[in-house]
Amino acid sequence: MPEPARTVEGWHVLHDFRTIDWSAWKTAPSADRTRALEALDALIHDWQHAEDEGYGSYGVFQIIGQKADLLFLNLRPTMDALIDVETALNKTVFADYLLPAYSYYSIVELGGYTGDPEQDPWAKSRLYPKVRREEHVCFYPMNKKRAGADNWYMLSNDERAQMMRAHGDIGKKYRGKVLQVISGSQGLDDWEWGVTLFSADPLHFKKIIYEMRFDEVSARFGEFGPFFVGKGLDREALYRLFAV
Amino acid sequence: MPEPARTVEGWHVLHDFRTIDWSAWKTAPSADRTRALEALDALIHDWQHAEDEGYGSYGVFQIIGQKADLLFLNLRPTMDALIDVETALNKTVFADYLLPAYSYYSIVELGGYTGDPEQDPWAKSRLYPKVRREEHVCFYPMNKKRAGADNWYMLSNDERAQMMRAHGDIGKKYRGKVLQVISGSQGLDDWEWGVTLFSADPLHFKKIIYEMRFDEVSARFGEFGPFFVGKGLDREALYRLFAV
Amino acid sequence: MPEPARTVEGWHVLHDFRTIDWSAWKTAPSADRTRALEALDALIHDWQHAEDEGYGSYGVFQIIGQKADLLFLNLRPTMDALIDVETALNKTVFADYLLPAYSYYSIVELGGYTGDPEQDPWAKSRLYPKVRREEHVCFYPMNKKRAGADNWYMLSNDERAQMMRAHGDIGKKYRGKVLQVISGSQGLDDWEWGVTLFSADPLHFKKIIYEMRFDEVSARFGEFGPFFVGKGLDREALYRLFAV
Amino acid sequence: MPEPARTVEGWHVLHDFRTIDWSAWKTAPSADRTRALEALDALIHDWQHAEDEGYGSYGVFQIIGQKADLLFLNLRPTMDALIDVETALNKTVFADYLLPAYSYYSIVELGGYTGDPEQDPWAKSRLYPKVRREEHVCFYPMNKKRAGADNWYMLSNDERAQMMRAHGDIGKKYRGKVLQVISGSQGLDDWEWGVTLFSADPLHFKKIIYEMRFDEVSARFGEFGPFFVGKGLDREALYRLFAV
Amino acid sequence: MPEPARTVEGWHVLHDFRTIDWSAWKTAPSADRTRALEALDALIHDWQHAEDEGYGSYGVFQIIGQKADLLFLNLRPTMDALIDVETALNKTVFADYLLPAYSYYSIVELGGYTGDPEQDPWAKSRLYPKVRREEHVCFYPMNKKRAGADNWYMLSNDERAQMMRAHGDIGKKYRGKVLQVISGSQGLDDWEWGVTLFSADPLHFKKIIYEMRFDEVSARFGEFGPFFVGKGLDREALYRLFAV
């Protein structure tokens, strides 16, 4: 059996995608809409507090297209804390105007292919990342293929390490343009990893994913789930979105 | 034709996943909510009685993400007893606030690859396990692949036994951290097996599944369905969850 | 082109799976519920009449899990008669408490791999079977694979006949425990065959399917759809199920 | 690049499958039901007119099982005419009792493998076929496989022509029993072709599809979508179906 | 690692497919319908303004079949502008009569296989195309396959360039008949590219896609998603469509 790469884990992550029930929102009495937005405000205030106190980070994004309208992204030290975040959202009156769309649970992970992750000087910032909620976001889950001759888990650690290094080299070219957060979800959700990218310009999402598709680790072994892309919403943008 | 491994069967298992209709719950009159929770209480009381009397076990878990909100896990000596559990739940007024999410029917199974299962000194406790409802849960269904050269059922019993032993060795490393219950569902549900893990820390789910993915039986032959992960709810936690 | 095996056909079969709308049922006025059950009674009376007169058979089963709650299984001499059965059910007030779940249309079939089906002394009882509605039921649709080297339809008749004989030998071991009805659905529904098993003990479903998975015809060529498992409901059990 | 076969095209075809909302129908006031059936009558009158004038054909069929209840099948000289047919149906009060089920858009096609389709003496009747609405119908969409060594589009024209001739020979055996209409849908809908069969006896659908599955073009290259089977409804049968 | 082809990007594109809620529309008070159409008018007026000012293009199309009824196609310089288009549509009272159907987000792209895209004299018109909203439309998303020996991304740039040139030659045969807009969606949506075709005659969609399927790049490497086909609606046609 090939030696698994070492991994080090950080915060637990919940990507919680929702669709806005616009018909319900538009026909709701104005006072109800105000109460709903106040409830959302209170929620975000709590999330901000968690971030300020160093036990989490968060972002609210508007997703393009019909897959979802909103992404509530939260990171916390434990799964139980994330379930509490989800339950608190569901209990608000604001949630009465939301429909389920998609969700993903994973844990931030540093892989050991390119050195000892615990010695990585940026390990702490990478394991406990701050959401760039003023930028654009791209999220997708993925697997490493296990089909006939293209079976990632039957390769030796050396083969995998070499491919991961080449893969990482492409990532480095986008440093400053794209921030990438890798979270593992084996045993936690339906794909093996979640990938969350942040960038000021969504064109970078297209450029980096296109270029990476040609490296062997993606070309031969990458299996990709749905892609969700959106833009960060600050308080003002949130209120503008819900103004009717 | 290769010799099938011997199996010994224990309790029948129903994983019954539901989604909470939060909008209905929040707008229900307080008296109706009280009645609903009393009905749930009565149900759990019956399940507890079955466990006390030695003819079953149960647990209620809150699932993270949008796949489901609750898992009602029950084990009983027969399928008919499980259908009765399911019907009783559906007839409660509590069920009016639930939506279907997913379910899985299987029978606890000990495989004969690593010795005679009937001689296993822990056979009884493994065939009639007690749900660790104070811990976290991970459930997923799975198949053994039958594709071209990677066809589990075309291997000799020796080849399969050798791979299953290596697989079991990984499991042993997690003894005390992860309790694993294997149930067979060929002829009973859409996948060949259900796997239910219990652990105090959900990080162990990620660690054990990741490590196992590299052994040949998973790497070449494992096909995995959806993963459901959650935390155990005792009576107090249940009431806290439904307090609005 | 390999010679297709001869087949002889009997009754047409409709597996009609429905989900009970428990919320609607529980909140319906008692008089409406009574009327609904009377309509179901009348329907079953007609089905019984068809069986008594020798032009059909039927059974009502409660399905475990969330895929469906009820299976209305009917056999008739023609497709048109089955459409009439389906329409009659849909027109009852009882059907107002049902939701669609799944259905399957096929025709009972004897294959010619193991001798001339028309000379089979049990051909008549096998082509026009009586539903064992007092037992448990297992239904699943299936295909024979056509993928690269594993292409059932590119094998010679001899190769197929040899494998089908070995397959049949396993079936014989379960004689008296499991009754198997094979119905063909090429050109009629989304899979190539439907398999309906009856047994006093659902554990036999697990045992026979597990054992068969190791014979070459299943291991290399079997592709399986969803599995539905349940228990037969007589009139008393039906009334008990709907008592609220 | 292999030479594509020549094709000649005839009428555009819309298979419009709908489910009857029986609960709404049964609880509608009698006058509303009468108005709805009159609207359907008017629609069919227009379709009949198109057929009488030679610019179309149509049929209404009742589909067995839960995939759909009704098939509205229309052929017209242009896509725009079919969109108008669809819109007219949607605008009727009758459509308020229908739910979407499935649809398929394609264009009747004669392939050039077995001679010059334009010289085919029956070309006109085959390109502009009359729906056999008094018979049974079977519809399914299909692809030609493009997987590894089984790639239809990488074969030479000669290889494809030879296989199509053998395929056609089976079809000829069913002449007088089964009428087959092939329509191409590359660039128009999700599969490459639609196949519509008409027969007095649905058993013929099973027989012809079963036999064809063994010829190489189906065995190695056929990929099949969902199958819809039903019986033709004349005006009297339509009224009987909707009588409650 | 093979060298990725250079790409140049133009406008961002949102294909926004919706289904008309005909029951709601037909039963709405006439004044509400008038208000809804006025809201749609105002929206289109804004889109026209964007086109007139050179910062976008748009079209409204009626889609055949049940996948969708309407396609709102918009091109803009940024993703944020497209999100604003989507939000503005959702906020109208007209949107209360629409249901979600499908959407696709991509960015117009010129590939570098057939020369330097920036030197292409038509580059500007191709990167910032004007929607042919008076014609018919065909949209489908697609991937390049990565399966065993058929792995597009493992080919050398030369091999890919040669196949793309042959592919382009077929496209040239349809010049004047079919206008093709290619948009890349790696990192943006669930497939790698979106293809939008415009033509006066939908038969050309069938002809060009059929012919292209035989060239190696499609035959071996093309994976195709759902196809949506429809006709352009000008203001008069829109009002005719919604007249009840």
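Every chain is numbered from 1, with letters handed out A, B, ... down the list of sequences. Everything numeric in this text was worked out from a predicted model, so none of it was measured.
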Colleague: Counting only non-hydrogen atoms closer than 4.5 Å, does A/Leu14 touch chain B with its backbone (N, CA, C, O), its side chain (CB onward), both, or neither?
Modeller: side chain
Colleague: Of all the heavy-atom pairs spanning A/Gly187 and B/Phe205, show the shortest one and how long it is.
Modeller: O-CB, 3.8 Å
Colleague: Report which part of B/Tyr140 has an atom under 4.5 Å of a heavy atom belonging to chain A: side chain, backbone, both, or neither.
Modeller: neither
Colleague: Where on B/Asp201 is there a heavy atom nearer than 4.5 Å to chain A: the side chain, the backbone, both, or neither?
Modeller: neither
Colleague: Spell out the residues in residues 220-236 of chain B that have some non-hydrogen atom less than 4.5 Å away from a non-hydrogen atom of chain A, in order of number; otherwise answer 'none'.
Modeller: B/Arg220, B/Gly222, B/Phe224, B/Pro226, B/Phe227, B/Val229, B/Gly230, B/Lys231
Colleague: Report yes if the side chains of A/Arg18 and B/Gln66 come closer than 4.5 Å at any heavy-atom pair, otherwise no.
Modeller: yes
Colleague: In plain terms, say whether B/Asp150 and A/Arg146 are close enough for a salt bridge, that is, a side-chain N and a carboxylate O under 4.0 Å apart.
Modeller: no
Colleague: When heavy-atom pairs shorter than 4.5 Å are enumerated against chain B, which of A/Ala147, A/Ala95, A/Gly184 gives the highest number?
Modeller: A/Gly184
Colleague: Roughly how far, to the nearest 0.5 Å, is the CD atom of B/Gln62 from the CE atom of A/Met79?
Modeller: 8.0 Å
Colleague: Between B/Leu241 and chain A, with a heavy-atom cut-off of 4.5 Å, which part of the residue counts as in contact: side chain, backbone, both or neither?
Modeller: both
Colleague: Going by heavy atoms in the side chains, are A/Arg160 and B/Phe214 under 4.5 Å from each other?
Modeller: yes
Colleague: Between B/Lys206 (side chain only) and A/Ser106 (backbone N and O only), is there a donor and an acceptor less than 3.5 Å apart?
Modeller: no
Colleague: Can you find a pair of side-chain heavy atoms, one from A/Lys144 and one from B/Arg213, that are under 4.5 Å apart?
Modeller: no
Colleague: Output the distance between atom OG1 (A/Thr78) and atom CG (B/Leu203), rounded to the nearest 0.5 Å.
Modeller: 11.5 Å
Colleague: Please find the pair of heavy atoms, one from A/Glu86 and one from B/Ile63, that lie closest to each other, and give the distance.
Modeller: OE1-O, 4.3 Å
Colleague: With B/Trp22, which of A/Asn90, A/Leu89, A/Asp96, A/Thr92 fulfils side-chain contact (heavy atoms from CB on, under 4.5 Å)?
Modeller: A/Asn90
Colleague: So does B/Gln180 have more than 12 non-hydrogen atoms from other groups sitting under 6.0 Å from CD?
Modeller: yes
Colleague: Taking A/Glu192's backbone N and O only, do any of them form a donor-acceptor pair with B/Tyr210's side chain (distance below 3.5 Å, no angle check)?
Modeller: no
Colleague: For A/Thr7, is it the side chain, the backbone, both or neither that has a heavy atom under 4.5 Å from a heavy atom of chain B?
Modeller: both
Colleague: Side chain, backbone, both or neither: which part of B/Thr19 has a heavy atom under 4.5 Å from chain A?
Modeller: neither
Colleague: Name the region of B/His204, side chain, backbone, both or neither, that has any atom closer than 4.5 Å to a heavy atom of chain A.
Modeller: neither
Colleague: Side chain, backbone, both or neither: which part of A/Tyr104 has a non-hydrogen atom closer than 4.5 Å to chain B?
Modeller: neither
